[in-house]
Amino acid sequence: MDRVFHRLRNLDAYPKINEDFYSRTFSGGLITLISSVVMLFLFFSELRLYLYTVTETKLVVDTSRGGTLRINFDVTFPAVPCSVLTLDAMDISGEQHHDIKHDIVKKRIDARGNVVAVRQDGIGGPQIERPLQRHGGRLEQNEKYCGSCYGAEVTDEDCCNSCDEVREAYRKKGWGMTNPELIDQCKREGFVQKVKEEEGEGCIVYGFLEVNKVAGNFHFSPGKGFYHSNVHVNDLMAISKEGYNISHRINKLAFGDYFPGVVNPLDGAQWFQYAPDGAYQYFIKVVPTIYTNIRGQTIQSNQFSVTEHFKAAEPGRAHSPPGVFFFYDLSPIKVTSKEEHSSFLHFMTNICAIVGGVFTISGIIDSFVYHGQKAIKKKMEIGKFS
């Protein structure tokens with residue numbers, strides 16, 4: 001057993017020196033103090049990095065199919081009244097949604113931006129008493145109401161019981177509404193009067209859309225949009241002789257839910273119209289993103305990049321209807337971001353590297369200073385130091 005212990009002692013890489021042979025110096029103490037402070041500083045710096053999470057980002061091919069895309073928006077139009085502002089959406093699969101009203105709220109604002117009234121779109125329409133029937137007579141008691149579509153009926157059974165239904169029937173036919181005061185439903189609902197009352201006002205519209213996860217567009221415009229001779233026009237163009245000012249401010253635009261670190265480049269963007277007519281267009285590239293936090297909770301959302309362009313009306317040509325258009329397309333690349341801590345072994349390795357590195361460098365500096373001082377002192381004793 002003694003022989004085993006003796007062999008183990010021979011393997012000792014850290015031979016001990018008797019304290020009687022120690023030589024302590026002022027420079028050594030100063031270097032020790034400085035190196036200790038450096039060690040502590042680097043230790044706490046490494047500890048902070050270990051305790052905080054880091055986000056690892058990867059790019060992969062998006063192999064998902066189908067699904068929907070949620071678009072959250074909040075846009076201010078300082079010069080377009082809420083009564084004429086509409087939202088349409090369509091995609092490359094052919095699906096179209098005109099004058100979207102659900103999940104949307106509009107706020108009427110005055111010229112100074114103060115809120116005048118708030119209402120959810122599609123709610124709170126006026127009641128019509130004894131409206132005009134399709135056959136020409138007034139609605140009698142115990143009689144079912146069926147209003148005229150004024151030539152826009154597809155079948156003899158079609159009824160238009162509100163101004164919106166008449167406008168929708170006209171839109172499907174590709175007709176514009178030149179004089180709403182001649183339409184009984186619009187006259188009784190006070191549509192033209194409401195438009196005139198809101199002249200000089202603006203509108204804040206916010207809410208969300210659920211669309212197919214394919215390329216498409218959505219746009220805000222004054223009036224219902226329809227196609228006439230392969231040209232996209234609005235049904236209320238004839239009402240406003242001076243055109244519409246589509247100056248706007250995008251308070252918020254996001255494709256999906258919020259997650260830490262997301263940057264929506266259009267938040268706070270604004271544009272003022274100086275040309276008499278035209279359409280403002282945003283071309284958006286949507287990048288699917290999956291974010292996983294440190295607790296393992298996953299958020300499926302999107303990021304996007306954008307370019308923009310104003311399409312002014314050209315003299316002598318059929319001009320584009322006024323509006324703000326958002327054209328979006330989906331990227332085939334998906335971003336995955338995951339929060340995680342550095343491993344404990346990695347942390348310990350760095351700590352050992354810090355302690356060992358500082359200790360070694362300090363020893364080299366101390367040895368250099370000690371032997372330097374010793375050499376200078378020796379030369380001074382023999383009179384060779386000058």
Side-chain angles (χ1 to χ4, degrees), residues 69 71 73-100 104 167 170-171 174-178 202-206 209 211-212 214-255 264-286 304-331:
L69 182 66
I71 305 173
F73 59 86
D74 183 351
V75 186
T76 299
F77 293 88
V80 180
C82 287
S83 58
V84 301
L85 185 64
T86 61
L87 172 61
D88 299 336
M90 57 193 70
D91 58 45
I92 59 173
S93 67
E95 187 169 328
Q96 300 184 10
H97 301 278
H98 297 278
D99 195 14
I100 301 171
I104 294 175
R167 291 175 62 196
Y170 269 49
R171 185 195 65 78
W175 300 348
M177 187 174 289
T178 56
C203 187
I204 300 175
V205 55
Y206 62 92
L209 296 173
V211 297
N212 295 325
V214 295
N217 77 83
F218 64 97
H219 57 269
F220 300 92
S221 59
K224 291 178 180 287
F226 64 93
Y227 285 90
H228 180 73
S229 300
N230 294 324
V231 178
H232 187 266
V233 295
N234 292 330
D235 67 340
L236 298 180
M237 290 293 291
I239 295 180
S240 177
K241 297 179 181 179
E242 299 178 355
Y244 291 95
N245 183 347
I246 58 168
S247 298
H248 60 277
R249 173 185 171 85
I250 301 175
N251 305 310
K252 175 186 176 183
L253 181 66
F255 289 79
N264 297 317
L266 284 179
D267 287 1
Q270 57 184 346
W271 177 80
F272 297 98
Q273 177 175 326
Y274 299 104
D277 238 335
Y280 204 80
Q281 302 170 330
Y282 294 95
F283 298 92
I284 297 171
K285 179 67 74 171
V286 180
F304 68 92
S305 60
V306 62
T307 57
E308 51 195 84
H309 172 68
F310 177 67
K311 187 177 181 181
E314 298 181 13
R317 290 190 178 184
H319 62 275
S320 301
V324 180
F325 294 76
F326 298 86
F327 299 91
Y328 58 88
D329 195 5
L330 295 169
S331 170

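Just the heavy atoms: all of them, side chains too, but no hydrogens, waters or symmetry mates, feed the values below. As the structure is a prediction and not an experimental result, all values here were calculated from the model.
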Note to self: What I'd like to find out is whether the side chain of Val306 reaches to under 4.5 Å of the side chain of Leu253, using heavy atoms alone.
What the structure shows: no
Next item on the list: State which residues pass side chain to side chain donor-acceptor pair (under 3.5 Å) with His97; sequence neighbours excluded, sorted by chain then number.
Entry: Glu95
Item checked: Side chain to side chain, His219 and Met90, heavy atoms closer than 4.5 Å -> yes
Next item on the list: Carefully, step by step, assess Leu209 and Leu69 under the rule side chain to side chain contact (heavy atoms under 4.5 Å, CB included).
Entry: CA-CA 8 Å; Leu209 296 173; Leu69 182 66; over 6 Å; no
Next item on the list: Kindly indicate whether the side chain of Ser247, heavy atoms from C-beta on, has any atom under 4.5 Å from the side chain of Phe77.
Entry: no
Item checked: Nearest atoms (heavy-atom pairs only) where Val80 meets Asn245 -> CG2-O, 3.3 Å
Check: Who pairs with Lys252 by salt bridge (charged side-chain N to carboxylate O under 4.0 Å, His left out), at least two apart in sequence or on another chain?
Finding: none
Item checked: Phe325 side, atom CZ; Asn217 side, atom CG - distance, nearest 0.5 Å -> 7.5 Å
Item checked: Worked verdict on Ile246 versus Trp271 for side chain to side chain contact (heavy atoms under 4.5 Å, CB included) -> CA-CA 9 Å; Ile246 58 168; Trp271 177 80; 3.8 Å; yes
Item checked: Partner set under ring-ring contact (aromatic ring centres under 6.0 Å, His included) for Phe327, not counting sequence neighbours -> Phe283
Next item on the list: Check Val211 against Tyr328 and note the closest heavy-atom contact, atom names and distance.
Entry: CG2-OH, 3.5 Å
Note to self: For a quick test of reading the model, state the closest non-hydrogen atom pair linking Ile204 to Thr76 and the distance between them.
What the structure shows: CG1-OG1, 3.6 Å
Notebook entry, point to check: Quick one: salt bridge (charged side-chain N to carboxylate O under 4.0 Å, His left out) partners of Asp267, sequence neighbours excluded?
Noted result: none
Checklist line | Considering all heavy atoms, the nearest Ile104-Ile100 contact | finding: CD1-O, 3.4 Å
Check: OG/Ser221 to CG/Asp88 distance, rounded to the nearest 0.5 angstrom?
Finding: 5.0 Å
Check: For Phe73, what residues pass the ring-ring contact (aromatic ring centres under 6.0 Å, His included) criterion, not counting sequence neighbours?
Finding: Phe220
Next item on the list: Taking all non-hydrogen atoms of both residues into account, name the closest pair between Pro322 and Pro222 and its distance.
Entry: O-CD, 3.3 Å
Notebook entry, point to check: Residues two or more places apart in sequence or in another chain: which of them pass side chain to side chain donor-acceptor pair (under 3.5 Å) with Tyr280?
Noted result: Glu308
Notebook entry, point to check: Judged by atom type as modelled, is there a donor-acceptor pair below 3.5 Å linking the side chain of Asp99 to the main-chain atoms of Thr86?
Noted result: no
Check: Would you say the side chain of Pro81 lies within less than 4.5 Å of the side chain of Val84, judging by non-hydrogen atoms?
Finding: yes
Next item on the list: Sequence neighbours left out, what passes side chain to side chain contact (heavy atoms under 4.5 Å, CB included) with Asp329? Give chain and number order.
Entry: Ala215, Lys285
Margin query: So, using ring-ring contact (aromatic ring centres under 6.0 Å, His included) as the criterion, who are the partners of Phe218 when residues are at least two apart?
Written below: Phe326
Notebook entry, point to check: Does Asp91 have any side chain to side chain donor-acceptor pair (under 3.5 Å) partners at least two apart in sequence or in another chain, and if so, which?
Noted result: Ser93, Asn212
Margin query: Side chains of Val75 and Tyr206, heavy atoms from C-beta outward: is any pair under 4.5 Å?
Written below: no
Check: What residues form a side chain to side chain contact (heavy atoms under 4.5 Å, CB included) with Gln270, not counting sequence neighbours?
Finding: Arg249, Phe272
